[in-house]
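Heavy-atom basis, side chains included; hydrogens, waters and symmetry copies ignored. Protein chains get the first letters and strands the later ones, always in sequence-line order, with residue 1 at the start of each.
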Amino acid sequence: MKINLYSSEFWKMEKFLLFSVIILILLGTIAVDSASMLPYLRFRGGGFRFFFKHLLSIFAGLFLATSVLLTRKKFYRENSFVVSLSILTFILLSLVFFFPARNNVHRWVNFLSISFQPSELAKLTLILGLSLILGRAGTTKKEENEAIIYSLAITILIAAETDFGTALFIALISGIIFYISGMRLKKILGISLIFAAGILITALLPQASYLRNRFFSFMKDPRAIYQRKQALIALGSGGITGRSPGESLQKFLYLPEAHSDFIFSILGEEMGLIATLTVLLGFLAIAYSGFKIARRARDSKSKLIAYGISSALSIQALMNISINIGIFPPKGIPLPFISFGGSSMVISILMASILMHIWIRRRDET
Amino acid sequence: MRKINNKDSLILSVIFLWGIIITVRLVELQLFQHDFFSKLKRIQTRAVEEIIPRRGTIYDREGEILAISIPSFSAYVRKELTPEELEELKSALNLSIYQIRSMVKRWKKGKKFTWIKRKLTEKEYKKVKALKIGKIEFIEESRRVYPNGRLASHILGGVGIDGRGLAGIEYSMEKTIGGTHGKEEILLDGLGYPIDIKNISPVKPGQDLKLTIDASLQHMVEKYVRKRVKEVRAKRGTAMILNLKGEVLAMASYPDFDPNFYTSTFNKNNEAFINFGVSLNYEPGSTIKFVDMASALEEGVAKPDEKIFCGNGKIEISGVTIKDHLPFGLLSIKEILIYSSNVGTIKMVARLKNEVFYEYLKKFGLGERTGIELPGEAEGWIPSPKKWGRVTKAYYSIGQGFAISPIQMASAVLSIADGGVWRQPHITFRSNIRERKVISAKVAREVRDMMKGVVEFGTGKKASVGWIPVGGKTGTPEKIIGKSKKFTPTFVGFLPYRNPKYVIVVVIDEPKRGHYGGDVAAPVFREISEYLLMKENLYPAMVME
């Protein structure tokens, strides 16, 4: 296989997507650098560890992205690739329970000092898997049911980690892919109802009091209320232009998870409305260009993948921002490209590169 | 797969609609509620703290420490304590239920920083340390200590928990001793630890202060007053020594208090906290007669040897009869003072015009504040002659019907002892002392001579020191409270008779045993004088020239 970096085709990237991702990563780098300084100084000791880790995951992501873009083959719609990825994901999702819990939840797999969050990988696997099942010409009911079971399996595994935020997100993305793939609305609503009923019944089981507590904790948990208030103070006090980068006060142990799930608030505090609207516009641009790429894609598998990825990236961002601005309860959902967290960063960049690959290779037959 | 058609536009619209909702909310938060949230942030991140400077040390005239600030620890928490921990603390520090309640109240309000107890003593500090509650932290603050306990309590006063003077010299000289309190703004992190400290106003340490008090004299004077007040079961008593420069060497009031525990024991209804010597008025009674003599002699309306008929010990003025305790018959002016004849005094003062007599009272510093550096000085009460009735002057001449404070009386005695010059009493070493010529040195000498007679032959024999002559005057003012009659026996004097150096005033209020100034107050004068003379090495050979 010949790789020609100088071919004009390679450089025909989707500009909106490219610039949005670059701007978001840059903003995130600044914010994470600022927000992680303190927790790290006080509790971990040593230099710029968080910042270096963040940079490291960006480079890892960019390395993967370059590899993807340099590949001619549309591996993401190959049976063999998606099946093996699915198997890997299911194994990792199950392995999670054998590793020690952090903050009372099982979300991480540790391997050679690298800790990885399989639920992040599951987002990509879900999109690729569903697109593979539903993207074939002439989908039958049997295949639809397969897809439903596939997504339910991932959702339940993630919910079992007591990561309800991600589980809900997975369900939402599945629903969108079902809908776009042409599944009847009635069926989707029916599954949603059954799904909701399932949650309710599980929650009502006497053995599930721990789950119930965790699920409903956001309503009365003083820590969640405190976190929401601190996020609002961070955003509100930022005003239009903010306190200038690095000058956040809320990062000084007022706002928990300032460098990860609540990085958006720190961004708003340091750089104001200008930065927050830029981030929002960036994700809307990703959604817009992603949908454009999906429309231009020739085969339906690529189409579904493009729809899945662009809505996954943008909806995850919207959910995270909604949590930050206090209209959603706080659930652990990172902000793609910006939050500190290696798994999320690598997977987000990988998703964007697949999207870009679909765009660049939209005229290829294979 | 079926047709994908335009289904995607629905999804995209939902995403953009969501984006619009977020935009609206962001604009609301960051534009319209900016001030509100900025204020919330300021409240939680900023604390203005006062920096209390180290107070100056207070010394007596010999350099002995009367009050000093020593470093001590204050205990505080940044996190709530559990009820069990509170219970342990309560028993370790003897905290009251109110202190516990106010701590809990603060926590309920969401305030993190709470004092447990400030300025712990060494013992308390060890006790709290022994509890081993990790949440309790300590900060160094200086604690005011009065190493001599109750000594000079009324002069020294006391300081509050914030280190500001609340009474006595600590209060009145706050600007000098207290220094300048600084202020700093502290930027706090989420756990209450400081991130950054900004100085708003700088702190300046207090200056040391030297008092004119002599600690050993003060101690003895306090001892004699306390002893006498207890002996005669009086309500209160005071005694003071001034030298002729107007410097207060000792000033004792009983009952007294311990300034180390000023804040915890202070009660505004408690008499112990009142400095009788400066802050209370009393009627001077017969002690005022030396002022009468001085005015009459200075005005030339009487001579020391001139005889006045004192009749059968009674005088009637406008229907009011004033009595002597004995019918004296014919007495010289000098004898009138020596035997303290009311009749003779009234007859002599009658020769002075009202205004002139009033003028002399004022000149001797009576009925107006001396301006001594102690807070709460009483003004006294002497109405002007316009308000006088027919018997007013007669009553005033025997020290009844008006009020002065003991320190005013001391300043009046000082002018006699010092050759007719009135000097402002003071308790710190300062240069701008008010002074004025009241009477001529000759008249002053004549009055001193009469006052020597009082101790030698007259009512004040019990004040006599023995080895050197002293001068003085007794007084037994009556207090009519309802139907009961009470007395304020008093004795004022100076010593030595030749070349006077010291002035002593003793006032004992409402004794239950005895009531004559010569019986109740004069012995205190003698005790103080004897100690003073010994201490200052004033033996007969030296004072007799």
Determine whether more than 12 heavy atoms belonging to other residues, nucleotides or ligands lie under 6.0 Å from atom NZ of A/K229.
no
Any chance you could measure B/I22, atom CD1, to A/M319, atom CE, to the nearest 0.5 Å?
11.0 Å
Kindly give the heavy-atom pair with the smallest separation between A/S237 and B/S38, and that separation in Å.
CA-OG, 3.6 Å
Does any heavy atom of chain B fall under 4.5 Å from the side chain of A/T276, the backbone, both, or neither of them?
both
Among A/L273, A/L318, A/L255, A/I327, the residue with the most heavy-atom pairs under 4.5 Å to chain B is A/L318
Aromatic rings A/F328 and B/W18: how do their planes relate, parallel, tilted or perpendicular, breaks at 30° and 60°?
tilted
Does B/K183 NZ have over 12 foreign heavy atoms under 6.0 Å away?
no
Proximity breakdown for A/Q230 and chain B, heavy-atom pairs closer than 4.5 Å
side chain
Separation between CG of B/L29 and CD1 of A/I233, rounded to the nearest 0.5 Å:
11.5 Å
For A/K292, look at atom NZ and say whether over 12 heavy atoms of other residues, nucleotides or ligands are found less than 6.0 Å away.
yes
Side-chain heavy atoms of A/F291 within contact of B/I11, under 4.5 Å
yes
Side-chain contact test, heavy atoms from C-beta onward, threshold under 4.5 Å: evaluate it for A/F264 versus B/L26 and give yes or no.
yes
Looking at chain B, which one of A/I240, A/L284, A/L277 has the largest number of heavy-atom pairs inside 4.5 Å, strictly under?
A/L284
Side chains of B/S9 and A/R295: does their closest heavy-atom pair fall under 4.5 Å?
yes
Can you check side-chain contact (heavy atoms from CB on, under 4.5 Å) on A/Y288 and B/I15, steps first, answer last?
CA-CA 9 Å; A/Y288 178 78; B/I15 288 174; over 6 Å; no
Close side-chain approach of B/D8 and A/Y307, heavy atoms under 4.5 Å
yes
A/L232 to B/R25 - nearest heavy-atom pair and separation
CD2-NH2, 3.8 Å
If you define the side chain from C-beta out and look only at heavy atoms, does anything of A/L249 sit under 4.5 Å from B/R46?
yes
Counting heavy-atom pairs under 4.5 Å with chain A, which one of B/L188, B/V14, B/V27 comes out on top?
B/L188
Can A/Q250 and B/Q44 be counted as having a side-chain donor-acceptor contact under 3.5 angstrom?
yes
Given side chains that start at C-beta, do those of B/Q30 and A/E269 come closer than 4.5 Å, heavy atoms only?
no
B/L31 versus chain A, heavy atoms under 4.5 Å apart: side chain, backbone, both or neither?
side chain
Could you tell me if the side chain of B/F37 sits less than 4.5 Å from the side chain of A/L235, heavy atoms only?
no
